[in-house]
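Just so we're on the same page: letters track the sequence lines, and every chain starts at 1. Worth saying up front: this structure is predicted, and the values here are computed from it rather than measured.
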Protein chains: 2
Amino acid sequence: MENCSGINFINKLPEREMILNAVEMYKIFADETRLRILLALLENELCVSKIVEVAGISQSAVSHQLRILKQMNIVKYRKQGKNVFYSLKDEHIEKIIGMVFEHLKEKGE
Amino acid sequence: MENCSGINFINKLPEREMILNAVEMYKIFADETRLRILLALLENELCVSKIVEVAGISQSAVSHQLRILKQMNIVKYRKQGKNVFYSLKDEHIEKIIGMVFEHLKEKGE
DNA sequence: TTTATATATGTATAAATGCTCATATGTAGG
DNA sequence: CCTACATATGAGCATTTATACATATATAAA
């Protein structure tokens, strides 16, 4: 390549590890089921069976996704009798979610 | 399920279509190559060969990803001689990207 | 202790996704 | 017109991922 621009500097990107962390973060939201779960948890703590209703998929699938969200440190849980209640672990999550929805609204879709 | 919480209302989620749009949006950023491309485009318009340098993958792979970004209305391009220059189509993108990086910084990682 | 309910987990499967390789298209220069 | 360079595209392949099904675990109640 003969250098397509007169300018010959390339912006330093963030460190690779940081980029990979960000990618992991976006991946969390990049799935309908997980996003539905997180949106539902935005306001209330919910037990698994409620989440199943909201997500509209099998209990098994929900549990699998909840595990992922636990591993990613996105949700926390507390047990109470036979139930397990999940809630968001971090208020930043709300902001990140909100951001994209704002964007979509402003685009008028 | 016998109703795990006393509260019996479930938050209305956004409409399904809106959720799906958001998922599509997050998917765009949920890939290292695409995110690197977008980060590189944050400040400069760049031609494909420059993007190849930054992204660190084959020209073919970059072109494929650029096509996706075009289809998703994230980037625009202009041709100039043999080169094609790509740039971000929308300043909201920057905000959405910035958001996650802020989050990661604040978590002290 | 037996049974029912809530949740978790292992496994297999199907679909989506991103890459490479080969090749096509387009443009400029000789 | 022919060649070289920049970019785009099609096909095939390998990996990832989300789900369902079956089953395990845990807790409560009978």
Exercise. State the NZ-SG distance between B:Lys82 and B:Cys47, to the nearest 0.5 angstrom.
Key: 11.5 Å

Practice problem: Check the distance between D:dA4's P and B:Asn83's CG and give it to me in whole angstrom. | Solution: 19 Å

Practice problem: Locate the shortest heavy-atom distance separating A:Ala40 from B:Leu13; write the atom from each residue and the value. | Solution: N-CD2, 3.7 Å

Self-check item: Between P of C:dA8 and CZ of A:Phe85, the distance in whole Å
Solution: 12 Å

Quiz item: Counting N and O atoms only, with roles assigned by atom type, does the side chain of A:Arg34 sit under 3.5 Å from a partner on the main chain of A:Ile28, one being a donor and the other an acceptor?
Solution: yes

Quiz item: Are any of A:Tyr86's side-chain N or O atoms less than 4.0 Å away from OP1 or OP2 of C:dA8?
Solution: yes

Quiz item: Taking C-beta and beyond as the side chain, do B:Ile96 and A:Ile96 meet within less than 4.5 Å on heavy atoms?
Solution: no

Quiz item: Quick one: does NZ or CZ of A:Lys76 land under 6.0 Å from the six-membered ring centre of A:Tyr86, within 45 degrees of the ring axis?
Solution: no

Quiz prompt | Closest contact, heavy atoms only, A:Phe29 versus B:Val23 | solution = O-CG2, 4.0 Å

Quiz item: In terms of the nearest nucleotide of DNA chain D, which residue is placed more toward the 5' end: B:Val84 or A:Lys79?
Solution: B:Val84

Practice problem: Provide, to the nearest angstrom, the distance between the CD atom belonging to A:Gln80 and the P atom belonging to C:dT7. | Solution: 11 Å

Quiz item: Which listed nucleotide (D:dT27, D:dA6, D:dA18) is nearest to the side chain of A:Lys82?
Solution: D:dT27

Quiz item: Does B:Lys79 make a cation-pi contact with B:Phe85, if we ask for NZ or CZ under 6.0 Å from the ring centre and within 45° of the axis?
Solution: no

Quiz item: Looking at DNA chain D, which of residues 29-37 of chain B put a heavy atom within less than 4.0 Å of it?
Solution: none

Practice problem: Would you kindly give the OH-to-P distance between B:Tyr26 and D:dA18, to the nearest whole Å? | Solution: 16 Å

Practice problem: Give, ordered by number, those residues of residues 56-67 of chain A having at least one heavy-atom distance below 4.0 Å to an atom of DNA chain C; if nothing qualifies, reply none. | Solution: A:Gln59, A:Ser60, A:Ser63, A:His64, A:Arg67

Quiz item: Within the structure, does a side-chain N or O atom of B:Lys27 lie under 4.0 Å from either OP1 or OP2 of C:dA16?
Solution: no

Self-check item: A:Asn44 side chain vs A:Leu46 backbone, donor-acceptor pair below 3.5 Å
Solution: no

